[in-house]
Protein chains: 2
Amino acid sequence: MAKNIQSLERAAAMLRLLAGGERRLGLSDIASSLGLAKATAHGILRTLQHEGFVEQDPGSGRYQLGAELLRLGTTYLDVHELRARALVWTDDLARSSGEAVYLGVLHQHGVLIVHHVFRPDDSRQVLEVGAMQPLHSTALGKVLAATDPVAHAELVDAKREPFTARTVTELDEIERELDLTRSQGYATDNEETLEGVAAVAAPIYDRRRLAVGAVGITGAVERVCRDGELRPELIAAVRDTARSVSRDLGAKPF
Amino acid sequence: MAKNIQSLERAAAMLRLLAGGERRLGLSDIASSLGLAKATAHGILRTLQHEGFVEQDPGSGRYQLGAELLRLGTTYLDVHELRARALVWTDDLARSSGEAVYLGVLHQHGVLIVHHVFRPDDSRQVLEVGAMQPLHSTALGKVLAATDPVAHAELVDAKREPFTARTVTELDEIERELDLTRSQGYATDNEETLEGVAAVAAPIYDRRRLAVGAVGITGAVERVCRDGELRPELIAAVRDTARSVSRDLGAKPF
DNA sequence: TGCCCCGTTCGACAATGCTAAACGCTATCG
DNA sequence: CGATAGCGTTTAGCATTGTCGAACGGGGCA
C-alpha cells in the first residue's frame with residue numbers, strides 16, 4: 001500500500017469533522033478529536049483558512065467550513081459529464097411523471113445527489129443537490145448496490161439503520177431484493193426511508209457497460225403507488241430516462 | 001508572516017487549477033503548470049483522490065474534481081448563518097418584486113452567490129449558487145466594495161474587465177459611484193455586466209455594524225427600469241429586505 | 001481582581017514529503 | 001509490425017518540512 005501525505009489526510013479529516021459537527025468548533029476540540037497537538041492542528045487550520053477552505057469567526061475564534069468549498073463544489077457539478085448529459089432527460093421525466101427527479105452517484109458510503117428537478121407544481125421545495133442518501137433503503141441506493149460492485153461492498157459494510165417500520169436491514173433479505181433489482185432492471189423504495197414517501201430508480205451505464213449512477217423519482221405514496229405497488233407507467237418512464245441517458249453516454253443498447 | 005503548510009498550499013492550487021481548466025487535466029500538465037516534479041504532484045493527487053477531492057478517469061488517467069467537494073460545499077451552505085437568516089426574507093422579496101433574488105458574500109476577488117431565488121414565473125432558470133460575480137460591475141459587488149474595506153481593496157487590485165459598453169473600469173469613476181452607494185445605501189447595475197439586464201442591491205450588516213453580505217434583485221431592463229432608471233419601488237423593496245436580514249443578525253437599526 | 005481556558009507563537013528534532021531517475025504501459029507512427 | 005514517445009506510476013535517498021511540547025498573551029467568567 002502506497003503512503004499518502006499525512007498533512008493532507010489530517011486536513012481532510014478536519015474538513016469532515018467541521019462538516020459533521022453542527023456548530024463551529026474550537027481549535028482545542030479539533031486537536032483533541034483528531035489526536036493532534038494544538039500547534040499542529042493550528043498550522044493546518046491556518047493554511048486551510050488562507051486558502052479559503054475554512055473560516056474563523058472573529059469573535060469566538062471558532063472555525064467553520066469556508067466559501068471556497070462551495071465554489072469548487074459547484075464547479076464539480078459543471079464538469080460532471082453524467083449530470084450534463086442527464087439534464088434534459090430529467091426535465092422531461094419530471095414533466096411527464098409530475099414528480100421530483102433525482103440523479104445520484106456512489107460516493108463513499110452512500111448516494112450523492114448530483115441533480116434534483118423539483119416536482120412541477122408550485123409547492124415550496126428545497127434543493128437536495130449535494131445531500132447524501134443511504135444505500136440500503138432508497139431506490140437510488142439499491143440500484144447502485146445491485147449494479148456497482150463497489151457500492152455493493154459499501155452496503156454490506158454499512159450499518160443499515162432502520163428509518164421506518166418497513167426498512168429492511170437484514171443482509172440476506174437485502175440480497176434477495178438486489179437480485180430482484182438486477183433481474184427486473186429497477187428498484188423501488190416503498191416507505192422504507194420516509195413514511196408516506198415512495199420512489200423508483202433505474203441504473204445508468206457508460207460505454208463500458210459499467211453502472212455510473214442512477215435516476216429516479218420520489219413522491220407521496222398516494223400519488224406514485226396504486227394498490228401498494230409503484231404505478232407501472234412511472235416505472236416505465238424512469239427506465240426510459242435511464243436508457244436515454246445511458247445511450248447519450250455511449251452505452252450500446254443491444 | 002507565519003509560514004503555511006507547503007503540501008496543503010500545493011493541493012489547494014491543484015484543486016483551483018482543476019476547477020479552472022474546463023476539461024480534465026493530466027498529471028504532467030498539472031505538474032508543469034505548478035512547477036512541481038511529477039512524483040510530487042502524483043503524491044498529492046493520490047491523497048486527494050483517496051479523500052474524494054479529486055477523481056481519476058479510469059480510461060485516460062486524467063484527473064478532475066471529486067464529489068467530496070460537492071458534499072462539503074453543500075454543508076457550508078447549511079452552516080451559513082447569513083444564508084439561513086435570509087432564506088425567508090428573500091422568498092418574500094422574489095414574490096413582491098417578481099424578479100430573481102441573489103444573496104452574495106465577498107470571497108477572494110469577487111462576490112460568491114450563496115443563495116438564489118428564481119424569478120416567480122414558470123420560465124426555465126439555472127441555479128447560480130456557488131457562482132462568482134465581479135466586484136466592479138455588479139450591484140452586489142459595488143455594495144460590498146462600498147461597505148467592506150477588504151472588498152474595496154480587492155476591487156482596486158482587480159483588473160476590472162469591461163463586459164458591455166456601459167461597464168465602468170476607470171478607478172476614479174468607480175470611487176465616485178461607491179461614494180454615491182455609501183450615501184444612498186444601495187447600488188445599481190444598469191447593463192454594466194450583461195446587455196439588457198439591470199440589478200439593485202443593498203448591504204447586510206451584522207451586530208457589529210460590519211457588512212457581511214448583500215442582497216439584490218436582477219432582471220430585464222424592460223421590467224425593472226423606467227426611463228432608464230431602476231424603479232423606486234424595487235429599490236425600496238430590496239432595502240427593506242436588507243434591513244430585515246440585518247435586524248435578524250442582531251444589527252441595531254438606529 | 002483573580003483564575004482558567006483558549007488561540008497563538010516559538011524553537012528544536014527527526015520524521016516526513018520532496019526530488020530525480022528509472023519503470024511499465026498504451027497509443028502512435030514509420 | 002516493431003520502435004518510439006509520452007503517459008502515469010514507483011522507487012530510494014536526502015534535507016527540507018511539518019510536527020511536537022512548552023511557553024505566551026488575552027478574553028471571559030466568577
Side-chain angles (χ1 to χ4, degrees), chain A residues 1-18 21-66 79 206-208 210 250, chain B residues 1-18 21-66 79 206-208 210 250:
Chain A
M1 174 173 171
K3 71 186 206 307
N4 284 332
I5 293 177
Q6 188 187 48
S7 54
L8 273 182
E9 285 183 327
R10 288 172 168 177
M14 279 184 199
L15 292 178
R16 248 176 270 118
L17 186 68
L18 288 171
E22 289 301 302
R23 261 201 350 274
R24 297 184 250 253
L25 294 175
L27 172 62
S28 303
D29 302 329
I30 297 173
S32 65
S33 292
L34 300 177
L36 300 175
K38 276 202 299 181
T40 305
H42 177 67
I44 295 173
L45 282 169
R46 186 186 17 175
T47 308
L48 287 174
Q49 179 183 15
H50 183 255
E51 302 293 338
F53 291 96
V54 153
E55 291 169 4
Q56 186 174 27
D57 185 59
S60 64
R62 286 215 188 74
Y63 293 92
Q64 64 173 56
L65 294 182
V79 182
D206 70 358
R207 59 190 70 95
R208 279 164 303 185
L210 296 175
Chain B
M1 172 177 172
K3 72 183 207 308
N4 284 331
I5 293 179
Q6 187 186 51
S7 54
L8 271 182
E9 285 184 327
R10 289 172 168 176
M14 279 184 199
L15 292 178
R16 250 177 267 118
L17 186 69
L18 288 171
E22 288 299 303
R23 262 203 348 275
R24 298 184 250 252
L25 294 175
L27 171 62
S28 303
D29 301 330
I30 297 173
S32 64
S33 293
L34 299 177
L36 300 175
K38 277 202 298 181
T40 306
H42 177 68
I44 295 173
L45 282 169
R46 174 160 30 83
T47 308
L48 285 175
Q49 179 184 15
H50 184 253
E51 302 293 339
F53 291 95
V54 304
E55 293 169 2
Q56 187 174 25
D57 184 59
S60 64
R62 289 223 263 271
Y63 292 92
Q64 65 173 60
L65 294 181
V79 181
D206 69 359
R207 57 190 70 94
R208 280 164 304 184
L210 296 175

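Throughout, a chain's letter reflects where its sequence line sits, starting with A, and its residues are numbered from 1. Model, not experiment: these values are computed from the prediction.
Note on the helix from C:dT16-D:dA15 to C:dG30-D:dC1: terminal axis deviation equals 0°, with five pairs used at each end and the result rounded to 10°.
Distance B:L27 CG to D:dT10 C1': 12 Å, rounded to the nearest Å. Rounded to whole angstrom, the span from the CZ atom of A:R62 across to the P atom of C:dC5 amounts to 15 Å. Nucleotide D:dC7 holds its C1' atom 13 Å from the CD1 atom of B:I30, rounded to whole Å. One can place CE of B:M14 at 14 Å from C1' of D:dG8, the figure rounded to the nearest angstrom. Rounded to whole angstrom, the span from the CG atom of A:D57 across to the P atom of D:dG28 amounts to 12 Å. Put simply, CZ on A:R46 is 10 Å from P on C:dC10, counting in whole angstrom units.
Taking the side chain to side chain contact (heavy atoms under 4.5 Å, CB included) definition, one finds that B:L45 meets it with B:M14, B:L27, B:I30, B:V54, B:Y63, sequence neighbours left out. Residues satisfying the side chain to side chain contact (heavy atoms under 4.5 Å, CB included) test with A:R208, not counting sequence neighbours, are A:D206, A:L210, B:P58. Legend: residues meeting salt bridge (charged side-chain N to carboxylate O under 4.0 Å, His left out) with B:R62, ordered by chain and number and at least two apart, are absent. In terms of the side-chain hydrogen bond (donor to acceptor under 3.5 Å, both in side chains) criterion, residue partners of B:Q64 (sequence neighbours excluded) are, by chain and number, B:R24. Every residue two or more places apart in sequence or in another chain was checked for a side chain to side chain contact (heavy atoms under 4.5 Å, CB included) with B:D29, and none qualifies. Every residue meeting the salt bridge (charged side-chain N to carboxylate O under 4.0 Å, His left out) condition with B:E51, not counting sequence neighbours, appears here in chain and number order: A:R16.
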Trace of the side chain to side chain contact (heavy atoms under 4.5 Å, CB included) decision for A:L48 with A:L15: CA-CA 9 Å; A:L48 287 174; A:L15 292 178; 4.3 Å; yes

Atom pairs under 3.5 Å: protein N/O with N/O of nucleotides 23-27 of chain C:
none

Can you give me the N/O atom pairs linking the protein to nucleotides 18-20 of chain D at distances under 3.5 Å, or say none if there are none?
{"unit_1": "D:dG18", "atom_1": "OP1", "unit_2": "B:Q6", "atom_2": "N", "d": "2.4"}
{"unit_1": "D:dG18", "atom_1": "OP1", "unit_2": "B:S7", "atom_2": "N", "d": "3.1"}
{"unit_1": "D:dT19", "atom_1": "OP1", "unit_2": "A:R10", "atom_2": "NH1", "d": "3.3"}
{"unit_1": "D:dT19", "atom_1": "O5'", "unit_2": "A:R10", "atom_2": "NH1", "d": "3.4"}
{"unit_1": "D:dC20", "atom_1": "OP2", "unit_2": "A:T40", "atom_2": "OG1", "d": "2.4"}

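Listed pair A:H42 / C:dT8 meets the phosphate criterion, a side-chain N or O lying under 4.0 Å from OP1 or OP2. Regarding contacts with the backbone of C:dT8, a side-chain N or O of A:Q56 is found under 4.0 angstrom from either OP1 or OP2. For the pair A:Y63 and C:dT8, the criterion of a side-chain N or O lying under 4.0 Å from OP1 or OP2 is met.
Within the 3.5 Å criterion, the main-chain N or O of B:I5 finds a donor-acceptor partner in the side chain of A:T47.
Atom-to-atom distance recorded for B:T40:OG1 and B:L34:CG is 11.0 Å, nearest 0.5 angstrom.
Taking each heavy atom of A:A31 and A:K38 in turn, the nearest pair found is CB-CA, 4.0 Å.
Legend: side chain to side chain donor-acceptor pair (under 3.5 Å) pairs involving residues 5-15 of chain B, not counting sequence neighbours, sorted by first then second residue: A:S7-B:S7.
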